[in-house]
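First the structure, in the form of C-alpha cells, and then the observations on it.
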2 protein chains.
Amino acid sequence: MSSATNYQAEVLKSIAQATRLKIIDFLRNGERCVCEIFPAIDEEQSNTSRHLAYMQTHGILSRRKDGVKIYYAVKHPEVFEIIDRATAIAKRESEVRIGLFSGAERD
Amino acid sequence: MSSATNYQAEVLKSIAQATRLKIIDFLRNGERCVCEIFPAIDEEQSNTSRHLAYMQTHGILSRRKDGVKIYYAVKHPEVFEIIDRATAIAKRESEVRIGLFSGAERD
DNA sequence: AGCATATATGATTATACATTCATATAATAA
DNA sequence: TTATTATATGAATGTATAATCATATATGCT
C-alpha cells in the first residue's frame with residue numbers, strides 16, 4: 001500500500017467526522033481557545049480536547065499556548081475548500097434524492 | 001447534531017480511506033468494471049466490491065450494468081478536487097516535517 | 001443443461017474510533 | 001498556600017470499520 005495514499009487518507013480522516021467538522025467550521029473566523037470551542041459546538045470538553053489533539057497531531061490544526069488557554073486554528077486553507085466541495089456534493093445528492101419522488105427513475 | 005454536518009461527514013468518509021482512494025484514483029480516466037479495478041489496485045475482489053458498494057450507496061460513484069460486468073464511475077468532479085487538496089496538504093505537511101530536521105523549532 | 005466468469009454477500013475476526021466520567025496537570029489569582 | 005480555571009488524559013464501553021474466506025447469485029457461452 002502506497003504510503004502517499006495512506007497519508008492522504010489520514011488527512012481526509014482528520015476532517016471526515018461530524019464533531020471535527022463542527023470544530024473546523026467554528027474556526028473559520030480564526031483561532032479560538034478550547035474554552036470557546038466546546039460550548040459553541042455543544043460537545044463535552046474532554047471529547048472536544050481529544051478531537052483537537054487528533055487534528056493537531058495530523059497537521060490540520062495549529063496550537064498556540066497563552067497562559068492557561070490553548071488556541072487552535074486551521075493551518076491549511078485547503079481544509080475549508082475540501083469542506084465546501086463536500087457540501088456541494090452533499091447538496092447535489094440530496095436534491096437528486098428529492099427529485100426521485102417526482103420522477104420515474106428505476107434501477 | 002446537525003444533519004447537514006452528518007451528511008458532509010458521510011461524503012468525506014466515503015473518500016477518506018486508503019483502498020477507496022486507490023479506487024477513485026484509478027477511476028480518474030472514466031468508468032471501469034470491477035474486474036479491471038481490483039487487479040489494478042491489488043486488493044481482493046470481495047473487499048473491492050464492498051468499497052465500491054459503499055461509495056455507490058453514499059452517492060460518490062455511479063453504477064452501470066452491462067451483461068455480467070458492473071461499471072463504476074466517479075459521479076462528482078469535486079471528489080477529485082477534494083483529493084487534490086488533501087494531496088497538497090499532505091505534501092506541505094511532509095515538507096514541514098522534513099524541514100524540522102534542519103531547523104531549530106521547539107515546542 | 002452444464003460450465004465459466006463477474007459480482008455480491010454472510011460470517012467472522014481484528015482493529016480503530018467516539019464518547020463519557022473521573023481525575024490529573026498546569027497556570028493564575030486571591 | 002489554597003482555590004480556581006483551563007486543558008489533557010486514563011479507563012471503560014459501545015459501535016463502526018476493514019479485511020478475509022467461503023459461498024451465493026447472475027449472466028452468458030457451448
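To find a chain, count down the sequence lines: A is the first, B the second, and so on, and within it residues start at 1.
Going from atom CG of B:L52 over to atom P of D:dA18 covers 13 Å, rounded to whole Å. To the nearest angstrom, C1' of C:dT5 lies 13 Å from OH of B:Y71. Whole-Å rounding puts the B:R20 CZ to D:dT17 C1' distance at 8 Å. C:dA8 atom C1' lies 17 Å from atom NZ of B:K69, rounded to whole Å. Per the geometry, CD belonging to A:E43 stands 15 Å off C1' belonging to C:dC21, to the nearest Å. Atom CG in B:L21 sits about 14 Å away from atom C1' in D:dA18, given to the nearest Å. Spacing between atom CZ of A:F38 and atom C1' of D:dT5 amounts to 11 Å, rounded to whole angstrom units. Separating the CD1 atom of B:I70 from the C1' atom of D:dT27 is a distance of 10 Å, rounded to the nearest angstrom.
Note that the OH atom of B:Y7 and the CD atom of A:E93 stand 5.0 Å from one another [nearest 0.5 Å].
Between the side chain of B:H76 and the backbone N or O of B:G59, at least one donor-acceptor pair lies under 3.5 Å.
When the shell of 6.0 Å around NZ of A:K75 is examined, it contains more than 12 heavy atoms from other residues, nucleotides or ligands.
Side-chain atoms of A:L12 and B:L21, non-hydrogen and from C-beta on, do get closer than 4.5 Å to each other. Within the 4.5 Å cutoff, no side-chain heavy atoms of A:Q56 are placed close to those of A:S62. Side-chain contact between B:Y54 and B:R20 is present, with at least one heavy-atom pair separated by less than 4.5 Å.
Listed pair B:H51 / D:dA19 meets the phosphate criterion, a side-chain N or O lying under 4.0 Å from OP1 or OP2.
A:E44 pairs by the side-chain hydrogen bond (donor to acceptor under 3.5 Å, both in side chains) definition with nothing, not counting sequence neighbours.
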Encode nucleotides 21-26 of chain D as B, S and - characters from 5' to 3', where the letter depends on protein heavy atoms closer than 4.0 Å: B to the base, S only to sugar-phosphate, - to neither.
BB---S

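Distance from the side chain of A:Q17 is smallest to C:dT19 among D:dA6, D:dA19, C:dT19.
Among the atoms of the strands shown, only primed sugar atoms or phosphate atoms (P, OP1, OP2) are found under 4.0 Å from some heavy atom of A:Y72.
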